[in-house]
Amino acid sequence: MISNANPAAGPLCAALLFGGLSSEHEVSRVSAGTFVDNMDPEKYDLIKIGITKDGRWLYTEATSAQMADGSWEQLPGNMPCVLSPDRADHGAILFTPAGHVEKLRIDVVIPVLHGLWGEDGTIQGLLELAGIPYVGCGVLASAVCMDKAVANALFAYHGVPHCAWAAYTKAQLEADPAGIAAALAERLGWPIFVKPANAGSSVGVTKANGPEELAAAIRLALANDRKVVFESFVDGQEVECAVIGSEPAVSTRPGEILAGAEFYTYDDKYKNGVSQTVIPARLSEAKLDEVKALAAKAYAALGCEGLARCDFFVERGSGRVLINEINTLPGFTSISMYPKLMEHEGIPLPQLIDRLIALAMERPVACHG
Ligand SMILES: Nc1ncnc2c1ncn2[C@@H]1O[C@H](COP(=O)(O)OP(=O)(O)O)[C@@H](O)[C@H]1O
Ligand SMILES: [Mg+2]
């Protein structure tokens, strides 16, 4: 086992990864800016590594504003850079304009990447190979939470209630569209939520109100993934908990999303500014505690570590609490729920980031035992 304890006092070299290849690239740039603006320079030497939409890695000295507006990519000081899987490097390799190679030792990585190739275990795998501590969930929990079909199956296995659902691959959907449509209508009723199994920020998600809307919804989901998840519509309040740590993990009480659109869409989340958050959610004390307990249970069931946001519906009428999904790298924009929930519990952002980094440093890497 490699110990991550930092014996020397003095600032930790923390590397922030941002941008990335997913449909949530823009959100990641804004989330990462929140980290830049809230990390104490006395405690951290912050290195910023941006990943462009086409997958180029660039060391940058961009400000949070330049990261957010995208102008960071054009800065003259940027240098191509990769994270080395070689444990002797324990960090990044920079390619200078003069044609030299420089090694940069990194103590901890903060992968502020949402969605595929960031929140799904891929970057986490590279960091495990490299033996570098990193913030957030490990490979398996990241991958499992990314895939809604796998996550739903595990929720069922662990007794975390979820609405009725089904999943089909592209090949299955193409082989028998009519049979599958009939089976879905029978099993789930209308409306049906149609989602790419692996996506985020509501990209590719459609509420199909009837059979005539199903084919287009499937086409949109398949434009984002080869596997599609179908869920019965839950008429309920949408509530989210921020969970931190592991064994024991601690959850906040839920906050509530008041969607500005018919459901909580991408534009609603990041552009329109119409959706609102209410903390705590408008629920009874007992219900708030029930959701909080279920969040910690769901987080543990899927093997989460570090942090995650657990999202639920509280069904109108029945009051049933149903998990929707777990986001292992939730948004950290100024309107995002995770940091707001923590702040409401008395943990301001700088302190939250310190805690997340401390958790990363405490967790053994290169140790699966
Ligand atoms: N089964 C469902 N019933 C009602 N609304 C849903 C359901 N599934 C998703 N939604 C709505 O769609 C939004 C996006 O779906 P979600 O599964 O959270 O995908 P993403 O991973 O893209 O955030 C949710 O925030 C919610 O507003
Ligand atoms: Mg969601």
Side-chain angles (χ1 to χ4, degrees), residues 22-28 31 113-116 118-120 142-152 155-156 160-167 184 187-209 213-214 217 220-221 223-225 227-242 254-272 274-278 281 295 298 302 308-318 320-331 333 335-338:
S22 83
S23 49
E24 295 167 276
H25 173 100
E26 284 82 5
V27 186
S28 158
S31 288
L113 300 165
H114 306 306
L116 289 173
E119 196 176 346
D120 62 350
S142 300
V144 160
C145 292
M146 188 74 225
D147 187 309
K148 290 176 167 57
V150 176
N152 287 355
F155 289 140
V160 179
H162 190 283
C163 66
W165 65 281
L184 288 172
R187 177 153 172 206
L188 307 178
W190 298 100
I192 293 175
F193 261 83
V194 183
K195 316 174 178 184
N198 295 270
S201 288
S202 304
V203 174
V205 175
T206 310
K207 181 181 175 188
N209 290 296
E213 292 179 15
L214 191 61
L220 181 64
N224 291 277
D225 199 355
K227 186 163 59 171
V228 182
V229 172
F230 300 87
E231 293 182 359
S232 60
F233 168 67
V234 182
D235 179 19
Q237 285 170 263
E238 204 165 343
V239 302
E240 307 182 339
C241 292
E256 182 172 355
I257 302 291
L258 303 181
E262 193 188 0
F263 66 95
Y264 198 28
T265 61
Y266 183 91
D267 284 358
D268 199 21
K269 282 174 181 172
Y270 306 110
K271 291 192 179 161
N272 300 339
V274 185
S275 66
Q276 287 175 25
T277 50
V278 185
L302 270 53
R309 199 191 68 225
C310 298
D311 298 353
F312 297 88
F313 300 111
V314 180
E315 195 174 44
R316 262 178 262 283
S318 74
R320 279 194 309 161
V321 181
L322 302 170
I323 188 133
N324 175 28
E325 61 160 344
I326 298 183
N327 292 284
T328 53
L329 211 301
T333 70
I335 57 163
S336 293
M337 187 65 109
Y338 191 96

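Both ligands and their constituent atoms are indexed starting at 1 by order of listing.
- Side-chain contact between Lys227 and Asp147 is present, with at least one heavy-atom pair separated by less than 4.5 Å.
- Only one option out of Arg320, Glu238, His162 pairs with Phe313 in a side chain to side chain contact (heavy atoms under 4.5 Å, CB included); it is Glu238.
- Two residues are said to be in side-chain contact when any heavy atoms from C-beta on lie closer than 4.5 Å; Glu240 and Asn327 fail this criterion.
- Considering only heavy atoms from C-beta on, Asn324 comes within 4.5 Å of Glu231 through its side chain.
- The shortest side-chain heavy-atom distance between Val229 and Phe193 does not fall under the 4.5 Å cut-off.
- A side-chain donor-acceptor contact under 3.5 Å links Thr333 and Ser336.
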Short N or O separations between ligand 1 and the protein, below 3.5 Å:
residue, atom, partner, partner atom, Å
ligand 1, 1 (N), Glu231, OE1, 3.1
ligand 1, 1 (N), Ser232, O, 3.0
ligand 1, 3 (N), Val234, N, 2.9
ligand 1, 8 (N), Lys195, NZ, 2.9
ligand 1, 17 (O), Lys195, NZ, 2.6
ligand 1, 17 (O), Asn324, OD1, 3.4
ligand 1, 18 (O), Asn324, ND2, 2.9
ligand 1, 18 (O), Glu325, OE2, 2.9
ligand 1, 21 (O), Lys148, NZ, 2.6
ligand 1, 21 (O), Glu325, OE1, 3.0
ligand 1, 21 (O), Glu325, OE2, 3.1
ligand 1, 22 (O), Ser201, N, 3.2
ligand 1, 22 (O), Ser202, N, 2.4
ligand 1, 23 (O), Lys269, NZ, 3.0
ligand 1, 23 (O), Glu325, OE2, 2.9
ligand 1, 25 (O), Glu238, OE2, 2.3
ligand 1, 27 (O), Glu238, OE1, 2.8
ligand 1, 27 (O), Glu238, OE2, 3.1
ligand 1, 27 (O), Tyr264, N, 3.0

Practice problem: Begin with the C-alpha distance, continue with both residues' side-chain angles, and end with the deciding distance and a verdict on side-chain contact (heavy atoms from CB on, under 4.5 Å) for Leu214 and Trp190. | Solution: CA-CA 10 Å; Leu214 191 61; Trp190 298 100; 4.1 Å; yes

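- For the pair Ser22 (side chain) and His114 (backbone), a donor-acceptor distance under 3.5 Å is present.
- Around atom CZ of Arg316, more than 12 heavy atoms belonging to other residues, nucleotides or ligands sit under 6.0 Å away.
- Protein contacts to the Mg ion (ligand 2) involving N, O or S atoms at a distance below 2.8 Å are Glu325 OE2.
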